[in-house]
Amino acid sequence: QVQLGESGGGLVQAGGSLRLSCAASGRTFSNYAMGWFRQAPGKEREFVARISRSGGSTYYADSVKGRFTISRDNAKNTGYLQMNSLKPEDSAVYSCAARSSPLLTAPYDYWGQGTQVTVSS
């Protein structure tokens, strides 16, 4: 079992920045790829970014590319999502997830509870 806990959400003005953290406990964090997802009210959950086990490979949704940066510190068992140039449409509950399989199409095994991000215009 891996337990994930997000923090760092909040209210920010458009154009501002936030840094989300995802603290992992349980099993060895470096054995899992990690992803960030978000869900706005009335919308389906959408992929935001993912990072490989080592942190050497990252991938972003087009909607956040160039503005968001995913990273991880395996020594601290923590993943991060740096969000810059935030827009009102970025408002959502952001959740981190961990995946044991190296296959990009495999489902994520563990999910955090999420943290609210609200961007005011």
Side-chain angles (χ1 to χ4, degrees):
Q1 287 281 346
V2 174
Q3 292 77 42
L4 302 173
E6 302 92 339
S7 62
L11 175 64
V12 64
Q13 288 188 333
S17 298
L18 282 174
R19 188 195 197 199
L20 305 184
S21 298
C22 175
S25 61
R27 295 189 176 179
T28 305
F29 182 56
S30 58
N31 288 342
Y32 296 84
M34 195 187 78
W36 285 95
F37 294 78
R38 66 187 182 186
Q39 187 168 20
K43 295 187 178 181
E44 293 191 355
R45 183 171 61 197
E46 67 171 340
F47 166 81
V48 174
R50 65 171 180 252
I51 189 167
S52 61
R53 298 175 183 183
S54 67
S57 176
T58 59
Y59 184 79
Y60 299 89
D62 288 342
S63 59
V64 306
K65 199 173 298 181
R67 300 187 298 122
F68 291 11
T69 302
I70 189 171
S71 62
R72 65 190 297 161
D73 185 339
N74 287 339
K76 295 183 178 179
N77 292 334
T78 303
Y80 305 97
L81 184 68
Q82 177 67 43
M83 306 186 295
N84 299 330
S85 302
L86 282 162
K87 305 175 182 180
E89 51 263 43
D90 293 319
S91 297
V93 174
Y94 284 72
S95 300
C96 62
R99 187 185 73 232
S100 59
S101 171
L103 297 177
L104 297 179
T105 55
Y108 284 79
D109 304 284
Y110 304 101
W111 293 83
Q113 292 295 315
T115 185
Q116 177 70 48
V117 171
T118 303
V119 184
S120 63
S121 58

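The model shown is predicted, which means the values in this text are computed figures rather than measured ones.
Both L18 and I51 are assigned to one and the same hydrophobic cluster, defined by single-linkage of ILVMFWY side chains at heavy-atom distances under 4.5 Å. Hydrophobic clustering of Ile, Leu, Val, Met, Phe, Trp and Tyr side chains at less than 4.5 Å, counting indirect connections, keeps Y94 apart from L4. Linking Ile, Leu, Val, Met, Phe, Trp and Tyr whenever their side-chain heavy atoms come within less than 4.5 Å puts L86 and V64 in one cluster. M34 and F37 are assigned to two separate hydrophobic clusters, defined by single-linkage of ILVMFWY side chains at heavy-atom distances under 4.5 Å.
Rounding to the nearest 0.5 Å places OG1 of T78 at 13.0 Å from CG of L20. Annotation: the span from D73 atom CG to S30 atom OG amounts to 11.0 Å, rounded to 0.5 Å. Separation of atoms CE (M83) and OG (S17) is listed at 8.5 Å; rounding is to 0.5 Å. Atom CH2 of W36 is separated from atom CZ of F47 by 13.0 Å, given to the nearest 0.5 angstrom. The CZ atom of R50 sits 7.5 Å away from the OG atom of S57 when rounded to the nearest 0.5 Å.
Minimum interatomic distance between A40 and A92 (heavy atoms only, all atoms of both residues): N-CB, 3.8 Å. The minimum heavy-atom distance linking G114 with V93 is given by the pair CA-CG1, 3.9 Å.
By the 4.5 Å heavy-atom criterion applied to side chains, R38 and L81 are not counted as neighbours. Counting heavy atoms from C-beta outward, N31 and V2 have side chains that stay 4.5 Å or more apart.
Applying the salt bridge (charged side-chain N to carboxylate O under 4.0 Å, His left out) definition to pairs two or more places apart or across chains, none involves residues 4-27.
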Return a table of donor-acceptor pairs under 3.5 angstrom between the side chains of residues 102-110 and protein atoms on other chains or two or more places apart.
{"residue": "Y108", "atom": "OH", "partner": "R99", "partner atom": "NH1", "Å": "3.2"}
{"residue": "D109", "atom": "OD2", "partner": "S100", "partner atom": "N", "Å": "2.6"}
{"residue": "D109", "atom": "OD2", "partner": "S100", "partner atom": "OG", "Å": "2.9"}

Would you mind writing out the side-chain donor-acceptor pairs for residues 65-72 within the sub-3.5 Å range, not counting sequence neighbours?
{"residue": "K65", "atom": "NZ", "partner": "D62", "partner atom": "OD1", "Å": "3.1"}
{"residue": "R67", "atom": "NH1", "partner": "S85", "partner atom": "O", "Å": "3.0"}
{"residue": "R67", "atom": "NH1", "partner": "D90", "partner atom": "OD2", "Å": "2.7"}
{"residue": "R67", "atom": "NH2", "partner": "S63", "partner atom": "O", "Å": "2.8"}
{"residue": "R67", "atom": "NH2", "partner": "D90", "partner atom": "OD1", "Å": "3.0"}
{"residue": "R67", "atom": "NH2", "partner": "D90", "partner atom": "OD2", "Å": "3.4"}
{"residue": "R72", "atom": "NE", "partner": "R53", "partner atom": "O", "Å": "3.4"}
{"residue": "R72", "atom": "NE", "partner": "N74", "partner atom": "OD1", "Å": "2.7"}
{"residue": "R72", "atom": "NH1", "partner": "Y32", "partner atom": "O", "Å": "2.9"}
{"residue": "R72", "atom": "NH1", "partner": "S52", "partner atom": "O", "Å": "2.8"}
{"residue": "R72", "atom": "NH2", "partner": "F29", "partner atom": "O", "Å": "2.9"}
{"residue": "R72", "atom": "NH2", "partner": "Y32", "partner atom": "O", "Å": "2.8"}
{"residue": "R72", "atom": "NH2", "partner": "N74", "partner atom": "OD1", "Å": "3.2"}

